[in-house]
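All residue numbers in this chain count up from 1 along the given sequence.
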Amino acid sequence: MTQYCKPICLALAVAACFSPSISAQAQDSQAQVLVTATRQPQVAKDVLADNVVITAEQIHLSGATSIVDLLQQQRGIEISRTGGAGSVSSVFIRGAANSQSVVFVDGVRIGSSTTGGATWSSIPLSQIERIEIVYGPLSSLYGADAMGGVIQLFTKKSGPQSRTSLNVGMGSNHLRKFEAGIFGSSANDFQYSLNSAKESSDGFSASKPASGAFTYNADKDGYTQKSFNGNLAWKLNSALTLGVNFVQSTLDVDFDAGPSYKDRGQQKFDNVATYAKAKLAPNWNSSLQLSRNTDRVYTDASYGKGNADTKQRGWTWQNDVSFGKDVLQFVFEDREEDVRTNTAGISGKRDTQSYALAYTMKQDAHLASLSGRVDDSSQYGKHSTGSIAYGYKLSDVLRVNASYGTSFRAPTFNELYYPGFGVASNRPELGKNAEAGLFYDDNVWQLSAVYYQNKITDLLVSTNPCPVEVATHRYGCAYNVNKATLSGFTLGASARLGQWNLRGTMDIQDPTDDTTGKRLARRAKQHGSLGVDYRMGDLTLGAESVFSGERYDDPANRNRLAGYGIVNLIATYKLSTSWQLLARWNNVADKEYELARNYRTPESNFYLGLSYGFK
C-alpha cells in the first residue's frame with residue numbers, strides 16, 4: 001500500500017475522509033433534492049439510502065472526458081478500462097460487478113442485454129448535467145440487476161431563463177472538444193433545450209507489449225464522439241404537463257486486437273422518453289412514461305466483424321398519494337428487451353411485467369420506508385423483492401439508519417445462449433443486503449459512515465469443467481455455482497471553512513467469492529479520494545487525488561494489479577459574468593498504473609477549456 005500512499009499521505013493526515021464531491025463549493029444539503037432513492041423528490045436529509053449527487057457545476061469543473069473518470073472519484077465506486085476514454089469500461093459499486101447495477105437516463109433504463117450492464121463509453125458526458133448515485137439493493141423499486149446500486153443520469157434541460165452556452169477545449173493527445181446549446185422558456189408554460197457536442201482525440205496505444213501477439217498493436221487508439229440532446233416540456237395547465245427527452249450519441253473508437261489490422265468499433269446510443277405528469281387530486285400525483293432505448297455495438301477486427309444490438313421498449317405508470325408528510329406509491333411497468341446479434345442462437349426477446357408498492361414515512365424524528373415488487377419475466381419467471389429502512393434523528397444534524405433489502409440479477413443473453421458457453425437453464429442471482437449508517441450534516445461539515453454486507457447466492461461464473469448436465473460445453477460455461485459476500489465500510493465527509501473546501505472518501509471492503517475464497521476480480525480492499533479547493537476572488541485553485549490498493553485481474557487471483565495513487569491539479573478563472581477559463585493537469589506525477597492487466601492508462605496530460613453561458 002506504501003507505493004500509492006506516498007503522494008497523498010500528508011493530505012490524508014490533514015483531510016482524512018473528506019467528501020466525495022468534486023465541487024468547488026460545498027453543497028447545501030438542505031436544498032439538495034434526490035429523485036432516484038425513492039422514485040420521488042426528497043430532500044437530501046430525509047433520504048434513508050446512502051447516496052451521492054454530482055451537480056452540473058461539478059461536472060463542468062471536472063474537465064473529465066468520460067463518465068467513468070467522473071465516477072472514479074466517488075466513494076464506493078471503482079472502475080476498470082482497457083485503454084483511454086472511449087475504450088471498454090466497467091463500474092463497480094460497493095464491489096458489485098458492472099452487470100449487478102442499473103443505470104437510467106432521464107428515467108429510462110439503459111444497457112446491453114448480451115453482456116449485462118451499461119455500455120459506459122457510449123454515453124456522452126457532454127449531454128449530462130446531473131448524476132445521482134444510490135447505493136445498496138433497489139430491486140424492490142427498479143427490478144432486476146439493482147444489487148449494488150442505481151446510477152441515474154439527467155440530461156441538460158432548460159430553466160426559467162433563456163440562455164445560450166458554448167464550451168470549447170483542447171488537450172494532450174490532440175484532444176478537441178466543442179459543445180453548443182440553447183435553453184429557453186415561454187412564461188414557464190413551454191420549455192425547450194437543444195445541445196450538440198463533438199469530441200475527438202488521437203489517443204494512445206491501449207495495449208502493452210506484454211498483452212501478446214494477438215492483442216498488442218503499437219498504433220494510437222483514438223476516438224470521435226458526436227452527440228445530441230433535446231428536451232421539450234409543455235405545462236398545459238396547473239394539473240397537466242407533457243414532455244419529451246431525447247439523447248443520441250455515436251462513438252467511433254480504435255482498439256487493439258493484434259498488429260496486422262486497424263481494429264475499430266462503433267457504438268450507438270439512442271434514448272427517447274415521452275411523458276405526462278398529472279395531478280389527479282390535491283394529494284395524488286400520477287405520471288406515465290413511454291420509452292425506447294437502443295444500445296448498438298459494431299466491431300471490425302482482425303478476428304472478424306460482429307454486432308450486438310439491444311433495443312428496450314417500455315412504459316411506466318407511477319402514482320404517489322400523500323397523507324400529510326407520508327407518501328404511498330404504486331408503480332406498474334412493462335419492459336421488452338429485443339436482442340439481435342450476428343452470433344447464431346443469441347438473438348431473441350424477453351418481456352418483463354412488474355408492479356411495486358412503497359410507503360415512505362416522516363414523523364417527527366422518525367423516518368421509514370417499506371417497499372415490495374414482483375417482476376414476471378417471459379424468460380426466467382417470477383421474482384419478488386422487498387426492502388425496509390428506518391432512520392432516527394438524534395438531533396437536527398445527526399441521524400442513524402438501518403436497512404435490509406433483497407435483490408436479484410437476471411442472466412444475460414450470453415449467459416443463457418452463447419454457443420459453447422451459455423446455459424438456458426441458468427437462474428437469476430439472488431442478493432440479501434443489510435447495512436447501518438451514521439450521518440452528520442450541519443451545513444458546514446457533512447460526515448457519513450456506513451457498514452454494509454451483501455450476501456449473493458447462485459452467482460453466475462465461468463466454470464470449467466461444466467456440470468454433468470451441460471458436459472457438451474468442452475471449454476467451460478456460465479453456471480450458478482458460486483456464492484459471494486460484498487462487505488465493507490464506506491466513509492465520507494466534507495467541510496467548507498472560509499475560502500477552503502475540503503473533501504475525500506475512504507472505502508475499506510472485502511468483495512469475496514465465498515466458494516473459492518478469492519477476491520473478486522479488479523476490486524481492491526481499500527480505495528478512496530481526497531481534494532481541496534481555495535477561492536481567491538474570481539480564481540479557484542484545487543488539487544485532487546484518487547488512490548487504490550492492489551487488485552487481481554482474474555478470479556483465481558494469479559495476476560496482480562499494483563496499487564496506485566494519482567494527483568490532479570485544477571484552476572478556474574472567471575473572466576466575466578458569462579466567460580470562464582478552466583485548466584487541468586491530470587496525473588501530475590506521470591504515474592504508470594493499470595486498471596486492466598497489460599492495458600495502458602493516460603500518462604500526465606493537460607486540458608484547457610473555455611466556456612460561455614454556464615449557470
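- Using bins of under 30°, 30° to 60° and over 60° for the plane-to-plane angle, the ring pair Tyr564/Tyr593 lands in the parallel bin.
- No side-chain donor from either of Ser548 and Gln526 sits under 3.5 Å from a side-chain acceptor of the other.
- For Arg350, the salt bridge (charged side-chain N to carboxylate O under 4.0 Å, His left out) partners two or more places apart in sequence, or in a different chain, are Glu337.
- Within the 3.5 Å criterion, the main-chain N or O of Gln267 finds no donor-acceptor partner in the side chain of Arg296.
- Between the side chains of Arg39 and Gln318, at least one donor-acceptor pair of N or O atoms lies under 3.5 Å.
- A salt bridge links Glu132 with Arg130: at least one charged nitrogen is closer than 4.0 Å to a carboxylate oxygen.
- Side-chain atoms of Thr310 and Asp295 form no donor-acceptor pair, as typed in the model, at a separation below 3.5 Å.
- Between the side chains of Asn568 and Glu544, at least one donor-acceptor pair of N or O atoms lies under 3.5 Å.
- Side chain of Ser545 to backbone of Ile566: a donor-acceptor contact under 3.5 angstrom is found.
- In this model, no donor atom of one side chain and acceptor atom of the other lie less than 3.5 Å apart for Arg373 and Ser139.
- Formation of a donor-acceptor pair under 3.5 Å by the Ser347 side chain with backbone atoms of Thr341 is found in this model.
- Remark: the Glu435 side chain and the Asn433 side chain contain an N/O donor-acceptor pair separated by less than 3.5 Å.
- In the displayed structure, Tyr418 atom OH is contacted under 6.0 Å by at most 12 heavy atoms of other residues, nucleotides or ligands.
- With no hydrogens or angles considered, no side-chain donor-acceptor pair links Arg94 and Gln509 at under 3.5 Å.
- The closest donor-acceptor contact from the side chain of Thr215 to the backbone of Gly212 lies at 3.5 Å or more, if one exists at all.
- Neither side chain, Ser529 nor Gln73, offers a donor N or O lying under 3.5 Å from an acceptor on the other.
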Practice task
Show your reasoning for whether salt bridge (Lys or Arg N to Asp or Glu O under 4.0 Å) applies to Arg292 and Asp270.
Solution key: CA-CA 8 Å; Arg292 187 202 70 200; Asp270 186 12; 2.7 Å; yes
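- Side chain of Gln74 to backbone of Leu70: a donor-acceptor contact under 3.5 angstrom is found.
- When all heavy atoms are compared, the tightest approach of Ala96 to Gly148 is CB-CA, 3.7 Å.
- Of the possible donor and acceptor atoms, none in the side chain of Asp338 sits under 3.5 Å from a partner among the backbone N and O of Gln312.
- The heavy-atom pair separating Ala206 from Asp221 by the smallest distance is N-OD2, 2.7 Å.
- Salt bridge status for Asp69 with Arg81: present, with a side-chain N to carboxylate O gap under 4.0 Å.
- Residue pairs satisfying the ring pair (Phe, Tyr, Trp, His ring centres under 6.0 Å) criterion with at least one member in residues 81-116, sequence neighbours excluded, are listed as follows: Phe104-Tyr142.
- Side-chain atoms of Thr352 never come within 3.5 Å of backbone atoms of Asp376 as a donor-acceptor pair (strictly under, hydrogens ignored).
- Checked for salt-bridge contact, Asp309 and Lys311 miss the test: no charged N lies under 4.0 Å from a carboxylate O.
- A donor-acceptor pair under 3.5 Å links the side-chain atoms of Asn587 to the main chain of Pro602, judged by distance alone.
- The backbone N or O of Phe408 sits nowhere less than 3.5 Å from a side-chain atom of His383 that would complete a donor-acceptor pair.
- Counting heavy-atom neighbours within 6.0 Å of Phe330 CZ, excluding the residue itself, gives a total above 12.
- Cation-pi check for Arg519 over Tyr552 is not met; the charged atom does not lie both under 6.0 angstrom from the ring centroid and within 45 degrees of its normal.
- In summary, the side chains of Gln100 and Glu429 do present a donor paired with an acceptor at a separation below 3.5 Å, with no hydrogens or angles considered.
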Exercise for the section: With side-chain hydrogen bond (donor to acceptor under 3.5 Å, both in side chains) as the test, would you mind laying out the steps for Asp256 and Ser207 before giving the verdict? Expected result: CA-CA 7 Å; Asp256 288 342; Ser207 61; 2.6 Å; yes
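- Side-chain contact of Ser112 with Thr115: a donor-acceptor pair under 3.5 Å is present, judged by distance alone.
- The number of heavy-atom neighbours closer than 6.0 Å to NZ of Lys268, taken from other residues, nucleotides and ligands shown, is 12 or below.
- Side-chain N/O atoms of Thr36 and Gln152 include a donor and acceptor closer than 3.5 Å.
- Salt bridge absent: Asp554 and Arg597 never bring a charged side-chain N and a carboxylate O closer than 4.0 Å.
- When atom types are taken as modelled, the side chain of Ser87 and the backbone of Gly84 share a donor-acceptor pair closer than 3.5 angstrom.
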Enumerate, atom names and distances included, each donor-acceptor pair closer than 3.5 Å involving a side-chain atom of residues 477-493, sequence neighbours excluded.
unit_1	atom_1	unit_2	atom_2	d
Tyr479	OH	Glu469	OE2	2.2
Asn480	OD1	Arg427	N	2.8
Asn480	ND2	Arg427	O	2.8
Asn480	ND2	Asp458	O	2.8
Asn482	ND2	Asp513	OD1	3.2
Asn482	ND2	Asp513	OD2	2.6
Thr485	OG1	Lys455	NZ	3.1
Thr485	OG1	Asp514	OD1	3.4
Thr485	OG1	Asp514	OD2	2.6
Thr490	OG1	Asp507	OD2	3.0

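- Minimum heavy-atom separation, Ser291 to Val108: CB-CG2, 3.6 Å.
- Screening Arg560, Lys208, Arg522 for a salt bridge (charged side-chain N to carboxylate O under 4.0 Å, His left out) with Glu594, the sole residue that qualifies is Lys208.
- Classification of Asp553 and Arg558 as a salt-bridged pair fails, no side-chain N sitting under 4.0 Å from a carboxylate O.
- A donor-acceptor pair shorter than 3.5 Å cannot be found between the side chains of Thr412 and Asn414.
- Relative orientation of the Tyr390 and Tyr392 rings is parallel, given thresholds of 30° and 60° on the angle between their planes.
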